[in-house]
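What follows is one structure encoded as structure tokens, with my remarks underneath.
In what follows, every chain begins at residue 1, and chains take the letters A, B, ... in the order their sequences are listed.
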Protein chains: 2
Amino acid sequence: MRQRKVTLADIAAKTGYGTNTVSLALRGSTRISQAARDLIRGVADEMDYVPNKIAASLVLNRSNTIGLILHEITNPVLTSVAHMVQKTLGKHGYSVLFASSNGDPEEELKAIAAFRARMVDGLLIYPIAHSKLDHLKALRRNNFPTVLLIHTDATGIDAVGIDERKGAFDATNHLIERGHRRIGTLGPSFTSTVGNVGKLQGYRDALEAAGIAYDPTIVSIPIDHSIEASVHAMDELMAQDDAPSAIFATSDLTALAALRWAAKSNVKVPEELAIVGFDDTDYVAQATTPISSIHNDVEQLATEAVERLLFLIANKELLPPAETRTTPGRLIIRESS
Amino acid sequence: MRQRKVTLADIAAKTGYGTNTVSLALRGSTRISQAARDLIRGVADEMDYVPNKIAASLVLNRSNTIGLILHEITNPVLTSVAHMVQKTLGKHGYSVLFASSNGDPEEELKAIAAFRARMVDGLLIYPIAHSKLDHLKALRRNNFPTVLLIHTDATGIDAVGIDERKGAFDATNHLIERGHRRIGTLGPSFTSTVGNVGKLQGYRDALEAAGIAYDPTIVSIPIDHSIEASVHAMDELMAQDDAPSAIFATSDLTALAALRWAAKSNVKVPEELAIVGFDDTDYVAQATTPISSIHNDVEQLATEAVERLLFLIANKELLPPAETRTTPGRLIIRESS
DNA sequence: TTGTAGGCGTTATCAT
DNA sequence: ATGATAACGCCTACAA
């Protein structure tokens, strides 16, 4: 005995108006008399009318929904991005379909397909790998508004992201200025993980500028994204003969791991080991030894990405040339360095 | 010069079949000859056909989309829930609309309205307050499948959540067994925040069982969700004459704050101050001093919630009586206690 | 095995 | 100021 959903027709029947009048009235059209509008509005509320946007989407050819795909939702930075994106889009009347690709290209493709089938008006995506952008460029070629949430030098696709290269440069350079010559780095797979390509570059840039030779034996890559794996990686890194005196951690998570390693190894931070992280989350700012980190303005990033996406959506008939925007980070110096 | 979207009719025209045959063929109906199916499938792929699920939703009266509303996405536990929920639902062919209410009841209502208008088949929600469940119960009364992601004793609404009361009891009791009699607690607003109502109860249960008087002066409530605010709260809490020798932190975030406070105050953990957290995230497990915490099986929670929701959706014509499920946590003892 | 007709709830166009 | 009609793209009858 399930009550059918209330439709425009039901309200029309009850008020004596046509469905079309009801539709206009509920959307506040001045073409309808004030009296009629009030009456209709009242009856609609009374009947607990919920407009069916899906039906509207069909005729308007616009769903007022966008898709957000992140490659890893556990990451606190991406989490903030998700939050800001949803908040900003909500203000513009958009809802957001969310999916986490979890590092699996297959999942990413599935999510894209699912979202497209649901007629999302556009896509914000933090892709899995820098090198695998072709399918996303293809979307754009099909006039499908898409914005990457990363910084990339790739062309033919819009992107707004953090300037990892510069951030990494600043972090490394700061350690050099503190007198360190042997600077290790700790972070997930530099080649495959988006973002870290740039970070490795920035790290090398800084070394080169200071005339320090790049040494791959102190570039450490944890086996997975857990802190534990990074602590492990530290174990091996620091067991070397010529162990680093400073660590540039490419994420706050690995920075915390470095700190943890120091604690359990009775190594003093920053006296015996300096640490700089990346992203400046609460966790490093308020770690037992507050850790220096590169602060990135997630709010600005999210806002700009949303703006760009909405712009693309508004111009989807003839997409403007792809653009890349970058938001710089800034180094926050704390006790760890 | 925008190419229209490919529809069933387009494929029909190109293959010479009717739209209906094409529809059946693409869905793999055996009513269509194998040859026709292959042909149609091929042409569809060639034309890059993307089925319009929105149109299908309209006729099927089912969107294969559910809404997920969290009251705070920054929280690592809720983040994991979001991830698991999306992953599990994805396997069942559902997409998830996401919104963060950010602790604002107004936002929560807006999100619910937006999702209903988009015809979600059901709702998973981590509500803002225990006390404000009436609007959610109303949804259920209107045969709208809804599952709360919290543990609650409220009736008339489905819920699956962590047993906060028991977890808090175990945490507090553990500290008592370690010989502590003066146990403070640190966590966001016990009365308004969902979950913490139960935690305060469990804390008091344990005290009572041990014959320790409950003392509200050592129940500390940080001003917001930042670690910094909790460190501040610790400052005040520990400045008291009869300061606690142990802290039950109602979240891992506050546990980390307690640890941070100890570090900057040169207080030894666990010798001078014992700490137990709640949720057992990586951050406490791998803190400089690994912190004891209540581990909760987020994966199981998410799976059960999704299962229940799908069950409700399948029976939405006549919803079964509301049920509450609870998943117990377990204490993980580490160096902090 | 395939085609035809009708309708899902909304909006836009064109009348009145 | 309001109403009738035709879409939007798909699916489920029912027919052939």
Rounded to 10°, the angle between the first-five-pair and last-five-pair axes of the helix from C:dT1-D:dA16 to C:dT16-D:dA1 is 40°

Specify the closest pair of heavy atoms between B:S63 and B:D121, including all atoms of both residues, with the distance to one decimal.
N-OD1, 3.0 Å

Give me the first and last nucleotide of DNA chain C, going 5' to 3', that has any atom under 4.0 Å from a heavy atom of chain B.
C:dT1 to C:dG9

In whole Å, what is the span from the CZ atom of A:R37 to the C1' atom of D:dA1?
11 Å

I'd like to check B:E307 versus B:V160 (side-chain heavy atoms, cut-off strictly below 4.5 Å). Are they in contact?
no

Name the residue closer to the 5' end of DNA chain C, choosing between B:Y17 and A:N52 according to the nucleotide with the nearest heavy atom.
B:Y17

For the residue pair A:I69 and A:F115, establish whether any side-chain heavy-atom pair is separated by less than 4.5 Å.
yes

Classify the ring geometry of B:H71 against B:Y126: parallel below 30°, tilted from 30° to 60°, perpendicular beyond 60°.
parallel

Quick one: do the A:T65 and A:R118 side chains pair a donor with an acceptor below 3.5 Å?
no

Counting only heavy atoms from other residues, nucleotides and ligands, does the tally under 6.0 Å from CD of B:E299 exceed 12?
no

Whole angstrom value for the distance that separates P of D:dA6 from CG of A:N61
21 Å

Sugar-phosphate or base contact per nucleotide [nucleotides 11-16 of chain D; S, B, -; heavy atom under 4.0 Å]:
SBBB--

Pairwise 5' ranking along DNA chain D for A:L58 and A:A36, keeping only the more 5' one
A:A36

Categorize A:A9 for me: base, sugar-phosphate, or nothing, with a 4.0 angstrom heavy-atom threshold over every strand shown.
nothing

Once salt bridge (Lys or Arg N to Asp or Glu O under 4.0 Å) is applied, do any residues pair with B:R27, and if so which ones, sequence neighbours excluded?
none

Salt bridge (Lys or Arg N to Asp or Glu O under 4.0 Å) pairs, two or more places apart, involving residues 6-26 of chain A:
A:R4-A:D10

Just wondering, more than 12 heavy atoms not from A:E106 lying within 6.0 Å of its CD?
no

Which residue pairs pass the side chain to side chain donor-acceptor pair (under 3.5 Å) test when at least one of the two sits in residues 47-59 of chain A, sequence neighbours left out?
none

Considering all heavy atoms, the nearest A:P320-A:N315 contact
CD-CB, 4.1 Å

side-chain N/O A:T21 vs D:dG3 OP1/OP2, d < 4.0 Å:
yes

